[in-house]
Amino acid sequence: MSHPHDKEDSCCSTKVHSAPKHNHDHAHEEGDDHDHGGDPSAFKTYLPALVTLVMLMIGIVFDNLFTVPAFQTIRPYWYIVAYLPVGIPVLREVWETFKAKDFFTEFSLMSIATIGAFAIGEYPEGVTVMLFYTIGELFQMAAVNRAKRNIKALLDVRADIAHVFRNGKYEDINPEKVEIGETIQIKAGEKIPLDGELISDKSSFNTAALTGESKPRTINKGESILAGMLNLDKVIEVKVTKAFADSALSRILEMVQNATTRKAKTELFIRKFAKIYTPIVFFLALALVTIPIFVLGSEYHFQTWLYRSLVFLVISCPCALVISIPLGYFGGIGAASANGILFKGSNFLDLITKLNTVVMDKTGTLTKGVFNVQKVESSIDEAEFLNLLTAIEAKSTHPIAKAIVEYAGQQEIHPAENIEEIAGMGLKGLVNGKAVLAGNVKLLEKFNIDFEPNIASIEESIVVVAVDQKYVGYVLIADEIKEDAAEAIKQLHENGIKQVVMLSGDKTSIVKKVATSLGIDTYFGDLLPEDKVARLEEIKSDKSKVVAFVGDGINDTPVLAISDIGIAMGAMGSDAAIETADVVIQTDQPSKIATAVKIGKATKNVVIQNIVLAFAVKALVLILGAGGIATMWEAVFADVGVALLAILNAVRIQKMKF
């Protein structure tokens, strides 16, 4: 596995075990992961550090407890041999980075400091510094790999085999070899291997791996079913609608694994800072050993000031900053994934902490988008009215259209021709030779058709119908507000969101009713798709606002694209949502928006804590080291100790409850 930090920016990504030689020709290109391979749980990974530790302990015992003349003779060679298992990988990195004309790295700092300690006879300290550095690297590698494994375990729930119906029987094959249109069988307790359409009557599914929700979900015949769901009830059959690589799960898994390529500003700043900071401290260390010659004159003792300079170098290594900050953001992405929230990059995890304005769609975001026909009012025969209306609506995928078709039932539908969608208004077409219009009041006004004045004052959603340029009636439709919608708005306000705005194509009277009941600050109704874009641009014109738009990710794609943060709601399985949105919330719960904000803020807090900790401790020990008060042992704590504390703090994000 590769690290979530790039070699160009991090000099603390060396591995301490034998590793296959890799190409350093591109090692300093932006975006390349620095991977030396190896399983952190493998014994061989830890063997070099163990050999060095045992030899170091034996050497210290003979130095301090037993006086053996023979050991004093071989003492320098003993410590050199003890140094080699952990020192060689670092020295190899120095050579590779020097070839790439990168001279000031943590590898070179550590090498100079430890070799310098040997040069002045401080053998145990030289070995100890490199050993502790190596142990720190092992902890870093384990923490990074653990974070990656956690995220992969959350999302990579793809089944290994698929039971496909071929040649009159079910065969077990790799899901990657299943073709679109084939039928697969899933037994109770098995994972769904591919996206498809349920052929069986119905079944109950655990969607926790995809949505973070433990509550089982019932899916009926004809409805979509997604790879990664767990079949709970009985043996079912599914018609495959997407290839393995194109399944929503595969694409989301890939998205999360690649999320670390989009860096937060804090992360990018620290990496740039480390590249400037490292050569500065190198020359400061050089100054520390040379300038006192001119100040102290005959009192100058080279070995004393060289030791202080070496201590200064060890302290100055930027490892704690460069590894813990990317790890902090990666931990935040993992914590969000566990809650069914997918960030496309740590830059959005960072940006969401600055959010102060949330603009939301109504249907499917704050309301369930599950419509039911409440009333049919018609001046012609009701059966004929429903036949004409259903023939038009059957060609639409809008939730209202589906509700009307479902209400009409299995009755015979007239053939419809020349169907045309008029954006934000409705549909027109020919049904059984008659010109039919079905949509909102704006549609009738556009075609200059007279209708009853009281229709415009009806608060609920209605679909008005005209046949051959004459108004013939309407259908009353009702939608429900989601259970957690009011709590979601409340939590957003409590988490620093100053303004919540609702945009909808529904009638203003309906929008007002929903907004008032939920405590929404501002609302706009009767909007066409282009009107939503215009309203959002108007809100964004105030440069003090950081704006998120929350929609269903399909018909709201243009608005998602122009917002500072596009959040797709309930978008598991929606290709448009995954492509366009910056944050994908896999459930239908608007309260997850506030959860995303909380995770972003918790991540930012941990990152800031790590920066302050690293700078404060290093600054203190650097001053003490320059004054000759701090020794190599304090230097080791300032470098490796602080790095380990920062790493443990970063890993803590994944344990938090949101």
Side-chain angles (χ1 to χ4, degrees), residues 14-18 43-95 106-139 285-286 288-290 292-293 296 298-317 621 624-641 644:
T14 185
K15 292 297 160 285
V16 293
H17 50 81
S18 299
F43 177 73
K44 66 178 181 179
T45 305
Y46 298 97
L47 187 59
L50 286 171
V51 170
T52 296
L53 177 62
V54 170
M55 291 190 70
L56 175 65
M57 295 307 294
I58 292 170
I60 290 172
V61 167
F62 278 105
D63 270 345
N64 297 284
L65 296 180
F66 305 111
T67 306
V68 180
F71 180 75
Q72 295 305 313
T73 305
I74 66 165
R75 183 173 182 266
Y77 307 104
W78 178 269
Y79 283 114
I80 288 170
V81 172
Y83 177 86
L84 292 177
V86 292
I88 286 175
V90 178
L91 293 171
R92 188 186 298 131
E93 290 297 338
V94 172
W95 174 246
E106 181 150 317
F107 309 133
S108 55
L109 292 186
M110 278 292 155
S111 299
I112 293 167
T114 53
I115 292 171
F118 271 74
I120 60 175
E122 300 290 350
Y123 304 118
E125 291 186 2
V127 175
T128 302
V129 167
M130 192 60 82
L131 173 63
F132 273 53
Y133 170 74
T134 298
I135 291 170
E137 286 295 305
L138 285 169
F139 271 101
L286 190 62
L288 192 61
V289 78
T290 54
I293 297 173
L296 300 175
S298 61
E299 293 180 14
Y300 174 77
H301 187 252
F302 174 73
Q303 190 164 325
T304 300
W305 287 99
L306 178 60
Y307 182 79
R308 291 183 185 183
S309 176
L310 297 175
V311 169
F312 192 91
L313 278 181
V314 173
I315 298 165
S316 67
C317 290
V621 184
L624 295 175
I629 300 170
T631 67
M632 272 297 184
W633 305 107
E634 284 84 359
V636 167
F637 171 75
D639 178 39
V640 179
L644 293 180

What verdict does the side chain to side chain contact (heavy atoms under 4.5 Å, CB included) test give for Phe118 and Tyr83, after you've listed the backbone C-alpha separation in whole Å, the side-chain angles of each residue and the deciding distance to 0.1 Å?
CA-CA 10 Å; Phe118 271 74; Tyr83 177 86; 3.8 Å; yes
From CA spacing to verdict: side chain to side chain contact (heavy atoms under 4.5 Å, CB included), Thr52, Thr134:
CA-CA 10 Å; Thr52 296; Thr134 298; over 6 Å; no
Let me see the working for Thr290 and Tyr300 under side chain to side chain contact (heavy atoms under 4.5 Å, CB included), right down to the final yes or no.
CA-CA 10 Å; Thr290 54; Tyr300 174 77; over 6 Å; no
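Rounding to the nearest 0.5 angstrom, the gap separating the CG atom in Leu310 from the CG atom in Leu306 is 4.5 Å. With rounding to the nearest 0.5 Å, the separation of CG in Leu91 from CE in Met130 is 6.0 Å. Interatomic distance, OG1 of Thr45 versus CG of Leu50, reported as 10.5 Å (0.5 Å rounding).
Looking at residues two or more places apart in sequence or on another chain, you find a side-chain hydrogen bond (donor to acceptor under 3.5 Å, both in side chains) between Thr304 and His301. Qualifying side chain to side chain contact (heavy atoms under 4.5 Å, CB included) partners for Val61, counting only residues two or more places apart in sequence or in other chains: Leu65, Phe66. Legend: residues meeting side chain to side chain contact (heavy atoms under 4.5 Å, CB included) with Arg75, ordered by chain and number and at least two apart, are Asp63, Phe71, Gln72, Tyr79, Tyr123, Pro124. With sequence neighbours left out, Leu624 forms a side chain to side chain contact (heavy atoms under 4.5 Å, CB included) with Leu620, Ile629, Ala630. Legend: residues meeting side chain to side chain contact (heavy atoms under 4.5 Å, CB included) with Val81, ordered by chain and number and at least two apart, are Met55.
For the residue pair Ser111 and Val94, the shortest heavy atom distance occurs at OG-CG2, 3.2 Å. Minimum interatomic distance between Val86 and Ala49 (heavy atoms only, all atoms of both residues): CG1-CA, 3.9 Å. The shortest heavy-atom contact between Ala285 and Ser309 is O-OG, 2.7 Å.
You'll find the side chain of Trp95 stays beyond 4.5 Å of the side chain of Arg92, heavy atoms only.
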